[in-house]
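On a predicted model such as this, the values are computed, not experimentally measured, just so you know. Reminder, nothing fancy here: chain letters follow the sequence lines and each chain counts from 1.
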Protein chains: 2
Amino acid sequence: MTPRAPSLQEVAALAGVSTGTVSRALSRPELLAEGTRTRVLAAVDRLGYVRHGAARALASRRTRTIGAVIPRLGASMFATTIRGLQRVLEADGYTLLLAHPADPSASSLPAVTTLLERGVDAVVLLGRTHDPALFERLRVREVPYVLIWALAGEASAHPAIGFDNRRAGRLVGDHLVALGHRRFAMISAPTQENERARDRFLGLVESLTSVGAHLPAAARLETQYGYREGAEAVDALVARDVRFTALVCGNDYLAVGALAALARHGWRVPHDVSVVGFNDSEFAPYTIPALTTVRFPIEAIGERAASYLVERLRGNAPIASVELPVELIVRDSTATPRRGPLPR
Amino acid sequence: MTPRAPSLQEVAALAGVSTGTVSRALSRPELLAEGTRTRVLAAVDRLGYVRHGAARALASRRTRTIGAVIPRLGASMFATTIRGLQRVLEADGYTLLLAHPADPSASSLPAVTTLLERGVDAVVLLGRTHDPALFERLRVREVPYVLIWALAGEASAHPAIGFDNRRAGRLVGDHLVALGHRRFAMISAPTQENERARDRFLGLVESLTSVGAHLPAAARLETQYGYREGAEAVDALVARDVRFTALVCGNDYLAVGALAALARHGWRVPHDVSVVGFNDSEFAPYTIPALTTVRFPIEAIGERAASYLVERLRGNAPIASVELPVELIVRDSTATPRRGPLPR
DNA sequence: TTGTAGGCGTTATCAT
DNA sequence: ATGATAACGCCTACAA
């Protein structure tokens, strides 16, 4: 009648062995004699026994749990990365514990503290900008960690797995410049608080200034990622009477929204305007006519981060930092250069 | 020099009190005398003490952890729901533990087992289709749970929080029928394995058959969610020479991809074809010209599920089942009925 | 190959 | 308001 979950003791009693043997049957079955093992596992099965994680953790000083601090979950790019993480971790018997800062630009220290309380064996941090106290905490406790969507060397010596957003920005700039564009506009996330948006912007500018092309302040809009926002940004550019022949969109949602708005204003892509987007999402907009895209290895980031940590926890010293490749998928190479959109 | 994390003992020693007092200072500070409390908290601070979750869990038989089984993470709809979950849970001191079935249509039982091993206080399950053995496990252990993206009464008496996909399908059908449409096409996820896709489809058909409108087999395409897939589906419909004046897309990614492909084929929306999408993602495509959309409360699902469980864990008996409203956002009401697209 | 027993760091109960 | 102490359920030496 007692609905309490069965314990090791009870399994041991039923199988006629000691608790130690049951424990071994579950974690290192190869150490047991064939007969004992089957008998024990049968008892486990019969009782529907499930190991007690907290007790295991307390005794073994390991939780087989990995924590991840992810702001802006809901933006599907990070969700896809998490899926990569989870897939690999699960294969090694780890579970993923999620935490997020109160607000995307807030400190991750409280989130990390939560994770440490939970006893995570390792931590995944998104981005490169973090409170130094946070790293100190991790160091003191000797908890391995890795940054994702960030690059080592970017003002930090932490292990990191990601790609170069700045290089991606340059890639876009170089492509458009080569097509003959000189007047640009850009819609992006707030560069102040979003380091990835900032890098993409900086890379673009780097490329443009090298050939004397323009990206005047009036042609730069910062907004949240989303279809609606992309469309509204284009409306704003039109309202401001900004002239440009190339529009760079900080991610693919913005790009798709922008395309719709451009069509509404009667501008043809790529005849009147070239449009380029950075492809954060898992739903690649490659087939949208004329939209050129930078493609990122978003799921690979998660997978690599997971393998790195798993290796670390095995006591190995895997390669600490990985820069994954970015790729430009060109859809507007034919028409160069454009007439340029006219004000309304 | 020992990098071991400080324990309750050490804090107690430093503060000159017993471990019990330190424990209370952290969980129920109001029980302590003003002076003792500050003294203890100072010691906590000084040592950088962090509670040991496993030990806490072992002693208190509570982990303050909630598990969620989410297939297809990466599809941003679920990510947004998770964010809702997490936001509310965090406010009550809970942490979210993620698990997922090996493959979206596989049993969730192993995932739930993992979570139970971790000692989760409650479980969130996505969808209504689950192994009965799973519910049995939860019942035996008296672990509260709730289904999300599902409705109670849908062949189950489990607590559930979601919306009626079937009703959403009817909503779309009724709208299009009222506009005068009689020839339909639909692009959706595989209805065999995706219960939400199936419900949307069934609802649509329900509405159509009531007025004798068509949705012939040749006009139904099943594919994965994505821009590319939406575009390819339209190409396939064209290739098959299917005639329709209304196209229903199973989610918004498909819809956006389809719109692009329709444009490529020279069909104007909504002049030649009405297009409707179900809005799963957080990036609402409402501003895309002429795209009519069914909007779902995806984040609210997570929030409600979290509050429900938190209340349950507090020992209350909150309302078990919630049906959230869906909303049709019409963008094609003016033009009725259409000429209908011509084959290529 | 299997059993035994000493922790692991809290919480909760019971005194005081 | 505070202290002492017995669980909590398992893992892991170590012994047999």
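Within the structure, a side-chain polar atom (N or O) of A/Ser23 is placed less than 4.0 Å from OP1 or OP2 of D/dC11. Under 4.0 angstrom from either OP1 or OP2 of C/dT11 there lies at least one side-chain N or O belonging to B/Arg56. Between A/Arg61 and D/dC10 there is no side-chain polar atom (N or O) within less than 4.0 angstrom of OP1 or OP2. Regarding contacts with the backbone of D/dC10, a side-chain N or O of A/Tyr49 is found under 4.0 angstrom from either OP1 or OP2. For C/dT2, one of the phosphate oxygens OP1 or OP2 lies less than 4.0 angstrom from a side-chain nitrogen or oxygen of A/Thr36. An OP1 or OP2 oxygen of D/dG3 is reached within less than 4.0 angstrom by a side-chain nitrogen or oxygen of B/Thr21.
Ranking D/dG3, C/dT4, C/dC8 by closeness to the A/Arg24 side chain, first place goes to C/dT4. The side chain of B/Ala59 sits closest to D/dC8 out of D/dA1, D/dC8, D/dC10. For A/Ala55, whose side chain is taken as the heavy atoms from C-beta onward, the closest listed nucleotide among D/dT12, D/dG9, D/dG3 is D/dG9. Comparing atom distances between the B/Thr19 side chain and each of D/dT2, C/dG9, D/dT5 picks out D/dT5 as nearest. Here the nucleotide nearest the side chain of B/Ser60, chosen from D/dC11, C/dA12, D/dC8, is C/dA12.
Distance CG (B/Leu47) to P (C/dG9): 15 Å, rounded to an integer number of Å. For B/His52 and D/dC8, the NE2 to P distance is 19 Å, given to the nearest whole Å. Atom-to-atom, CG of A/Leu58 to P of C/dG9 comes out at 7 Å; the value is rounded to the nearest Å. Between the C1' atom of D/dA13 and the CZ atom of A/Arg28 lies a distance of 13 Å, rounded to the nearest Å. Summarising the geometry, the separation between CG on A/Leu31 and P on C/dT2 is reported as 10 Å, rounded to the nearest angstrom. Rounded to whole Å, atom P of D/dC8 lies 18 Å from atom CZ of B/Arg62. B/Leu26 places its CG atom 8 Å from the P atom of C/dT11, with the value rounded to the nearest Å. A/Arg64 has its CZ atom 16 Å from the C1' atom of D/dC10, to the nearest Å.
Listed for the B/Asp121 side chain is a donor-acceptor partner under 3.5 Å among the backbone atoms of B/Thr63. Under a 3.5 Å cut-off, the side chain of B/Glu195 and the backbone N or O of B/Arg128 do form a donor-acceptor pair.
The pair A/Arg87-A/Glu299 counts as a salt bridge, with a side-chain nitrogen and a carboxylate oxygen less than 4.0 angstrom apart. A salt bridge links B/Asp92 to B/Arg314: at least one charged side-chain nitrogen sits closer than 4.0 Å to a carboxylate oxygen.
Among the protein residues, A/Leu8 comes within range of the sugar-phosphate backbone only, with heavy atoms under 4.0 Å from sugar or phosphate atoms but none that close to a base.
Side-chain contact of B/His52 with A/Glu117: a donor-acceptor pair under 3.5 Å is absent, judged by distance alone.
Note: B/Phe135 and B/His158 have parallel aromatic rings, judged against thresholds of 30 and 60 degrees for the angle between ring planes.
If you find the closest nucleotide of DNA chain C to B/Gln9 and to A/Arg37, the one lying nearer the 5' end belongs to A/Arg37.
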